[in-house]
Amino acid sequence: MNQPATVSEQFDAVVVGAGFSGLYMLRRLRQLGMSVRVFESADDVGGTWYWNRYPGARCDIPTTDYAYSFDPELEEAWTWSEKYATQPEILDYLRFVADRYGLRSDVEFSTAVASASWDEQEGRWRITTDRGDEVSCRYFIMASGCLSVPKSPDIEGADRFEGQVYFTSRWPHEGVDFTGQRVAVIGTGSSGIQSIPLIARQASQLTVFQRTPNFSIPAHNGPASADRLTQLAEDREGYRHAARWSRGGAPGELTDILGITASGEVRRQRFEAAWEQGELFGILGVFADQLVNPASNDIVAGMIREKIRSTVNDPGTAEALSPKDHYFGTKRPCLDTGYFETYNLPHVRLVDLRTQPITTVTRTGIDTASESFDFDAIVYATGFDAMTGALAAVDATGRDGASLNEKWAAGPSTYLGLMTAGFPNLFMITGPGSPSVLSNMTVSIEQHVDWIADCLAHMTAESLDTIEPTALAESGWGQHVRDCGAITLYPTANSWYMGANVPGKPRVFLPYVGGVNAYRQACDDVVSRGYLGFRMTGQGGERCRDGVIRSMQPDVAMVLEIMAGMGLPPLETLPVADARAFMAATAAVRPPAPEVGEVTDGVMRGPGGDLPYRLYRPAEPGGPHPVVVYFHGGGWVLGDLDSDDPLCRDLCARSGVVIVSVNYRHAPEARFPAAALDAFAAVQWVAANAASLGAIPGQVAVAGWSAGANIAAVACQLARDAGGPAISGQLLISPVVDSDMTRPSYAENGDGYVLTTALMRWFWDHYADPADRGDPRVAAIRGDLHGLPPACIVTADFDPLRDEGLAYARALKAAGTPAGHIRARGHTHTSLTMVGVVISGAPVRAEIAEALRGLVGPVAAAADALTESAAAG
Ligand SMILES: Cc1cc2nc3c(=O)[nH]c(=O)nc-3n(C[C@H](O)[C@H](O)[C@H](O)COP(=O)(O)OP(=O)(O)OC[C@H]3O[C@@H](n4cnc5c(N)ncnc54)[C@H](O)[C@@H]3O)c2cc1C
């Protein structure tokens with residue numbers, strides 16, 4: 001054991017922890033020429049692999065991938081013996097690494113960091129340890145692990161038991177011999193599932209106490225995959241590069257096959273292949289939609305449950321072992337070797353705590369609500385205070401004495417999972433808000449360490465010595481992390497990803513689920529944009545480019561990326577007929593739209609001939625319902641009843657109103673003001689025929705999207721001028737209300753977000769002569785805005801039309817017309833309409849439906865319930 005450090009030693013950097021993170025961080029800091037002290041509470045290196053010595057402890061990412069990649073020579077020097085290496089082998093590897101680079105001399109073992117406080121005057125951290133050391137450093141780096149603080153068993157009487165007690169995460173170094181013993185294992189997470197088969201081999205009786213069954217698949221351990229070894233041998237750097245830019249941190253093909261649309265044969269074939277492969281990323285990626293779509297998830301979950309039933313002989317035990325309370329993957333799934341088979345052994349028994357909860361641990365064993373058990377040993381496999389446990393255990397105070405634990409009382413808040421505002425020069429490795437535990441952690445660790453080291457090198461070069469994120473950047477990142485989680489099924493589970501396993505811990509989805517690749521890109525973009533969102537100070541001056549690195553909804557960004565990859569010709573370069581054909585082809589491959597009560601097509605009379613319409617009636621009984629006359633988008637040129645069919649169905653289902661979608665005349669065949677006149681005529685016709693349409697007379701509202709919102713707005717002005725019909729409200733979704741393209745949103749969003757400035761020009765050219773473009777019958781904002789129906793205006797952040805929508809809302813209000821506003825945060829002009837594709841649009845559409853109900857008057861109570869549940873979803 002080392003001697004305590006001298007009081008008030010000064011270092012450039014202090015690192016907490018000597019696992020994968022701390023060791024590599026130390027090496028990089030040394031390469032920068034910095035003086036470093038690493039504190040490690042264990043008496044050796046290894047971190048996770050030092051502490052977790054329970055029988056069966058192994059990694060669950062193949063070891064070809066779960067290893068350092070920073071030094072090709074290290075890779076040559078070490079050969080893994082198995083597909084999934086055991087704990088002793090991984091610990092040997094980390095010892096080997098420590099020795100190879102001579103790292104131990106800077107590590108203070110058996111010493112826990114107790115507190116850290118920022119000394120504003122000095123611009124340094126003062127660190128104290130549990131051995132009374134006090135040192136100071138400029139940079140304080142928490143490499144303290146995401147799964148390093150065991151969760152204490154919250155079980156009544158736990159300290160009363162007089163037999164042997166073991167924790168999987170603090171296993172005796174000399175091992176444990178259970179031969180002939182009656183053993184209890186509490187917990188069926190990864191550690192329980194790995195250790196139970198091996199404990200069963202020795203124990204005379206094994207009783208497993210299970211609170212929540214977990215999904216597990218066979219690891220099929222053995223030699224490392226020949227295929228992977230060949231790839232590594234042929235192109236190591238290429239292989240590692242692919243891992244760094246993959247979703248999870250290991251190379252692999254991503255499928256675009258959707259579970260909901262795949263045939264039964266494809267589903268079975270893909271599932272069985274993943275089952276045989278025995279890898280987490282494989283079984284988590286059977287279908288592209290399995291972690292976002294409940295129906296798709298159920299397919300995989302159902303097949304795993306089938307496997308459990310076919311493995312476990314006793315049907316009751318099989319049932320109890322089959323997880324049904326969470327979607328597959330939303331809690332960390334496990335890899336096992338003979339786990340479910342173990343329950344077929346005569347001396348192994350499962351106790352399901354959902355049917356017979358533990359009442360207390362006794363001197364001699366465990367009492368449940370219905371039985372008393374005697375044991376020689378109890379093994380707790382009860383998990384960790386994940387991701388924040390080790391950070392919270394250090395009493396950190398930042399600027400103005402602010403406490404980190406107080407700042408995070410409602411859940412952690414970080415910028416990129418790397419730093420947190422108010423705590424300058426404090427870095428976290430794989431902190432909350434980074435991919436961390438959802439990824440192959442060695443890849444994520446190397447990326448964080450490299451980012452931090454590169455940042456410190458940059459600061460040194462620029463004579464800067466303090467770095468801290470801004471509040472804006474941090475809250476923007478937090479929003480992005482939540483947005484990414486919200487489109488998945490992850491937040492639905494009571495998992496340790498959500499902090500749900502620790503009583504009193506705030507329920508926040510802790511890791512970043514957007515992917516290792518997306519995350520790496522965000523970190524790189526922050527740097528290439530001049531360390532966006534960080535404030536750096538020092539002799540070199542003060543630097544701060546404030547901003548938010550990701551503000552688009554993640555699924556919207558994904559759709560744009562896919563579209564960009566398809567190399568589609570810009571619509572405005574096509575002849576009108578081809579553009580229309582393209583739109584129709586796109587509409588044909590959309591996912592199924594929501595069900596409504598009834599859909600009927602009809603024809604109404606318009607000023608220039610018949611106008612086809614489609615009526616959507618809600619499923620709720622108790623009509624007649626109020627009616628909304630809806631106009632589709634498409635720049636007066638494109639679109640029809642089919643193009644906006646999913647949006648109409650969605651609005652109808654959510655709001656419980658009848659929607660009459662009208663196909664008006666299009667340009668260039670019928671130019672300005674044909675579309676607007678048709679819209680007005682359609683409103684007149686619907687108002688006159690409300691009763692025969694099964695709608696409530698006198699409760700007619702108008703709605704539209706894009707150019708459809710343009711003619712809806714104009715129809716309101718025409719109706720007012722004509723003295724009727726009475727329109728109860730107008731819902732304008734991303735409306736065109738002006739021909740002025742100089743508002744800032746054109747400059748910001750005029751390129752790259754589907755509706756471009758060039759396309760808008762094309763639309764205008766087809767619809768209206770330049771001389772007509774200021775006419776209020778197309779530039780609605782230039783009309784008289786007094787006495788119009790109450791409006792709700794929806795604007796999308798990444799829409800060139802955003803600012804004219806906002807301007808219209810302001811102008812209506814200024815004229816005394818009530819106007820509400822819904823902001824589609826992080827959306828484009830088109831993304832809200834992508835029903836069933838862009839999941840993040842659903843809560844916005846729920847808000848729109850709610851507003852629509854307000855614009856049409858009272859509707860059936862069933863619709864309220866529907867909207868509430870949609871909003872909750
Ligand atoms: C059983 C198990 C299996 C795992 N398998 C995988 C896998 O297959 N793939 C994968 O990607 N990840 C796996 N993980 C996650 C694993 O934690 C990471 O892969 C990785 O080992 C983390 O390395 P680290 O250095 O960041 O943290 P750790 O290895 O946890 O090291 C942190 C160190 O910091 C020390 N420390 C903490 N606080 C203090 C303090 N205040 N003062 C001094 N020292 C302190 C701890 O003692 C610890 O040694 C597994 C985790 C467990 C528990």
Pair [X]-[Y], side-chain donor/acceptor within less than 3.5 Å:
X      : Y      : result
Ser296 : Gln290 : no
His821 : Thr795 : yes
His829 : Asp799 : yes
Gln479 : Asp483 : yes
Ser831 : Thr828 : yes

Pairs under 3.5 angstrom only: tabulate donor-acceptor contacts from the side chains of residues 559-575 to other protein residues two or more places apart or in another chain.
{"from": "Thr573", "atom 1": "OG1", "to": "Pro570", "atom 2": "O", "distance (Å)": "2.5"}

Under 3.5 Å, which donor-acceptor pairs do the side chains of residues 835-846 form with other protein atoms, sequence neighbours left out?
{"from": "Ser840", "atom 1": "OG", "to": "Asp555", "atom 2": "OD1", "distance (Å)": "2.6"}
{"from": "Ser840", "atom 1": "OG", "to": "Asp555", "atom 2": "OD2", "distance (Å)": "3.3"}
{"from": "Ser840", "atom 1": "OG", "to": "His827", "atom 2": "NE2", "distance (Å)": "3.4"}
{"from": "Arg845", "atom 1": "NE", "to": "Asp650", "atom 2": "OD2", "distance (Å)": "2.9"}
{"from": "Arg845", "atom 1": "NH1", "to": "Leu832", "atom 2": "O", "distance (Å)": "2.8"}

Where do Tyr664 and His666 land on the ring-ring contact (aromatic ring centres under 6.0 Å, His included) test, with the steps shown first?
CA-CA 6 Å; Tyr664 46 92; His666 293 145; 5.3 Å; yes
With sequence neighbours excluded, what pairs up with Ala619 under the side chain to side chain contact (heavy atoms under 4.5 Å, CB included) test?
none
List the residues meeting side chain to side chain contact (heavy atoms under 4.5 Å, CB included) with Pro770, not counting sequence neighbours, and say none if there are none.
Arg773
Does the pair Tyr415 and Phe534 meet the rule for a ring-ring contact (aromatic ring centres under 6.0 Å, His included), with working shown?
CA-CA 9 Å; Tyr415 187 32; Phe534 284 105; 4.9 Å; yes
Per the side-chain hydrogen bond (donor to acceptor under 3.5 Å, both in side chains) rule, what does the pair list look like for residues 753-764, sequence neighbours excluded?
Trp762-His766
According to side-chain hydrogen bond (donor to acceptor under 3.5 Å, both in side chains), does anything in residues 806-816 pair up with another residue at least two apart or in another chain? List the pairs.
Gln717-Tyr808
Residues in side-chain hydrogen bond (donor to acceptor under 3.5 Å, both in side chains) contact with [X], at least two apart in sequence or another chain:
X      : result
Asn293 : none
Thr742 : Asp740
His480 : Tyr512

For Arg671, which residues count as a salt bridge (Lys or Arg N to Asp or Glu O under 4.0 Å) partner, sequence neighbours excluded?
Asp769
Sort out for me which residue in Gln553, Arg802, Arg823 forms a side chain to side chain donor-acceptor pair (under 3.5 Å) with Asp797.
Arg823
Could you go through residues 707-716 and list every donor-acceptor pair under 3.5 Å that involves a side-chain atom there, pairing it with any protein atom two or more places apart or in another chain?
{"from": "Asn710", "atom 1": "OD1", "to": "Trp636", "atom 2": "NE1", "distance (Å)": "3.2"}
{"from": "Asn710", "atom 1": "ND2", "to": "Val736", "atom 2": "O", "distance (Å)": "2.9"}
{"from": "Asn710", "atom 1": "ND2", "to": "Val778", "atom 2": "O", "distance (Å)": "2.6"}

Do Tyr746 and Asp803 have side chains that approach each other closer than 4.5 Å (heavy atoms only, starting at C-beta)?
no
Distance check, rounded to the nearest 0.5 Å: Leu732 atom CG versus Ile822 atom CD1?
11.0 Å
Keeping Ser734 on the side-chain end and Trp705 on the backbone end, is there a donor-acceptor pair under 3.5 Å?
no
Using atom types as modelled and distance alone, determine if a side-chain donor or acceptor of Arg649 lies under 3.5 Å from a backbone N or O of Pro646.
no
Apply ring-ring contact (aromatic ring centres under 6.0 Å, His included) to Tyr613 and list each qualifying residue two or more places apart in sequence or on a separate chain.
Trp685
